Participant: 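This is the structure I want to talk about, given as structure tokens.
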Number of protein chains: 2
Amino acid sequence: MNLDDELLSVRAAELYYDEDKTQDEIGVILGLTRWKVGRLLASAKQRGFIRIEIVHPRARRLGLERALVERFGLADAVVVPVGDAVAESEVVERVASAAADHLTALRPVPRTLAISWGRTLLAVANALGDGWAAGVNIVQMNGGVSVNRRSGTAAATAIEIARKSGGGATLLPSPAILERLETKLSIESDRTVAGILDLAAGADTYLYSAGAATASSAHIESGYLDVDDMDELIRRGAVGDVVGRYIDADGMIVDPALDARTVGLPLDRLRSARRAIAVISGVDKVPVAHAIVTSGLCTALVTDEAMANALLGLPEVPLPHTARTRTAI
Amino acid sequence: MNLDDELLSVRAAELYYDEDKTQDEIGVILGLTRWKVGRLLASAKQRGFIRIEIVHPRARRLGLERALVERFGLADAVVVPVGDAVAESEVVERVASAAADHLTALRPVPRTLAISWGRTLLAVANALGDGWAAGVNIVQMNGGVSVNRRSGTAAATAIEIARKSGGGATLLPSPAILERLETKLSIESDRTVAGILDLAAGADTYLYSAGAATASSAHIESGYLDVDDMDELIRRGAVGDVVGRYIDADGMIVDPALDARTVGLPLDRLRSARRAIAVISGVDKVPVAHAIVTSGLCTALVTDEAMANALLGLPEVPLPHTARTRTAI
DNA sequence: GGCCGATCTGCTCGGATGAGCACAGCGGGG
DNA sequence: CCCCGCTGTGCTCATCCGAGCAGATCGGCC
């Protein structure tokens, strides 16, 4: 395949894709047979000269989804594209929107859905449409902030999701982390709390996000941990938290003592769940997302393209000509 | 066409373009007939959800070319795409390369080619392939720098183009602009110079670029004009220079006195030429390019996509969703 | 010079696709 | 209540296009 053919490929591609000519017409224009034109187009496609992009907020990246499912043994994956022009803040919205779609399309329809809380989950709640399902019981699976600057975020998330399905919300009335083990044990043995945790443990579907182990964690913001605690966690290998529990790169609890003071469902319940949907986006959460998918904490992952590429160990934006220099084809 | 169909379009497009499924298969997956799928794909294309880009240094934008030919009554236009990732400096190279292609494909093959000089033309000279034509006589059509920091650029351009066609170069041994009118008249009446200008006037093809009327003009760099002269020219409506002569937005000479001291072919010779090829790129040259195409100074324009869009009065990067807000479809 | 394998070219054939048409559902107006 | 135009759907048919095959061409090697 010499240079001349390369130029012809490009000319043919222009006529075919930009000008909507038929291969036969292109053959006449360029003085070639239509089969030659077909072969040129095939080679142009194969060599990556032709890039087809689907420009839509709801578009997905099916190839990456399949790769994730394959690589990490998931039941399902949803990957939303992030074009150059998509702002960081908008990515969360789009991932949340995709998660809402995914929830809406779940079959069988969930009867009891256990959820965590946070910025991402609130976005999912907002993105869900009225009547996304019928009469789903929403139950919180971990303790949360009761009073902070965005007071009631956790509760609002659960209530919103429940309202939109015409079902009820069961809130877990407990702090996320308690100072003393005894307090935690006694709260957990309280009939109300125990009942709620039982309900959560019996859920058929789990939906949660994850937090990165950084100084901007919601746990620090809410005062459950301070910066020194976080540094210590990081020093011991923490990559982030899942429903309030800090894990390392292998998905193991980093600090058993801290974990014992954390109110909520144990992680093994997620691992044994038939359906556990993790909704995670943002580069700072790559390590925790990796820990989640490799340690079986979720059956489905909803995320963004950059995350998917990172998880699969690929360069973030595989442009054809940069790809050549990076991967030495 | 409601929102539901819009989402289906996107899903269908993903399966069709990213996953290489057949429309029939997509029909099965989405629970639609193959005809419905076909219609969805057509609407997705029509609504701009599907963007097909040809990623290649030699690619062109045929649609814009046709629009330019149509709008400005040109015989030919060549527009090279500028993707997001193409650096400003590379654009000139690509335009030059396209100009070289265009020259090589000219029929009938030029016998005498009159050229100007400058950064762009030098790039064209370098981009030309050996044997791009056979025995073309190259002749300079305007005076140029003889000694400046890049000494001999003007001469090198002509010589290079000539060498690659196996023809000869005829240089115009004169400054671009003279201080006194008498000097200019006497130089022009010199037998050698007059002969060269006659030769240029008899060329069958003209090739030139243009300069913007800015402080970084080659005329200032070479000392023919100073910044005050330029300010005065701009004040009087100058948009740039064509073969050394400053014109306004209507293509008229801005300063007849200055023009009288400028050595080279008069612009009307370009207007009456059978083939005059202008090679222009860069946003700062939009005004001068516009003056050129509207006042009939060229029969063919070789330029970049941003320039073409500017000339046609379009937004620079017509993304589907921004286009909606800007042009109110 | 002549043989041979590799590559390229042009073709047949069947699947994929788009244009155009007939019909169903729907809503408004008489 | 019925008629009628409009939109959306499923189908027929002609066209387009890609897979696969036989002959042509070319370069390497003896």
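Keep in mind it's a predicted model, so treat the numbers as computed, not measured. Numbers restart at 1 for each chain; the letters A, B, ... are given by sequence-line order, proteins then strands.
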Participant: Identify whether the distance between the nearest side-chain nitrogen and carboxylate oxygen of A/Arg66 and A/Glu70 falls below 4.0 Å.
Facilitator: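 Salt bridge: no.
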Participant: For A/Leu40 and C/dC8, what is the distance between atoms CG and P respectively, to the nearest whole Å?
Facilitator: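 So the two atoms are 12 Å apart, to the nearest Å.
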Participant: Can you build the contact string for nucleotides 11-18 of chain D? Use B for base contact, S for sugar-phosphate-only contact, and - for no protein heavy atom under 4.0 Å.
Facilitator: BB---SBB
Participant: If I take atom OG from residue A/Ser165 and atom CD1 from residue A/Ile138, how far apart are they, to the nearest 0.5 angstrom?
Facilitator: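 So the gap between those two atoms works out to 5.5 Å.
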Participant: When the side chains of residues 95-106 of chain B are checked against the rest of the protein, which donor-acceptor pairs come out under 3.5 Å, sequence neighbours left out?
Facilitator:
unit_1	atom_1	unit_2	atom_2	d
B/Asp101	OD1	B/Arg58	NH2	2.9
B/Asp101	OD2	B/Arg58	NE	3.1
B/Asp101	OD2	B/Arg58	NH2	3.1
B/Thr104	OG1	B/Ala100	O	2.7

Participant: Could you point out which residue of B/Leu207, B/Ile277, B/Leu74, B/Ile280 forms a side chain to side chain contact (heavy atoms under 4.5 Å, CB included) with B/Cys298?
Facilitator: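 That would be B/Leu74.
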Participant: Nearest whole angstrom, please: distance from the C1' of C/dC8 to the CG of A/Leu32.
Facilitator: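 Checked: the CG to C1' distance equals 13 Å.
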Participant: Check the pair B/Glu65, B/Arg61 against salt bridge (Lys or Arg N to Asp or Glu O under 4.0 Å), reporting the backbone distance first and the verdict last.
Facilitator: CA-CA 6 Å; B/Glu65 293 175 3; B/Arg61 302 299 310 270; over 6 Å; no
Participant: Tabulate below the donor-acceptor pairs under 3.5 Å that side-chain atoms of residues 20-34 of chain A make, not counting sequence neighbours, or state none.
Facilitator:
unit_1	atom_1	unit_2	atom_2	d
A/Thr22	OG1	A/Asp24	N	3.4
A/Glu25	OE1	A/Thr22	N	2.8
A/Thr33	OG1	A/Lys36	N	3.3

Participant: How close or far is atom P of C/dA16 from atom CD1 of B/Ile26, stated in whole angstroms?
Facilitator: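 Taking CD1 of B/Ile26 and P of C/dA16, I get 12 Å after rounding.
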Participant: What is the distance, to the nearest angstrom, from the NZ atom on A/Lys36 to the P atom on D/dT25?
Facilitator: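 Atom NZ in A/Lys36 sits about 15 Å away from atom P in D/dT25.
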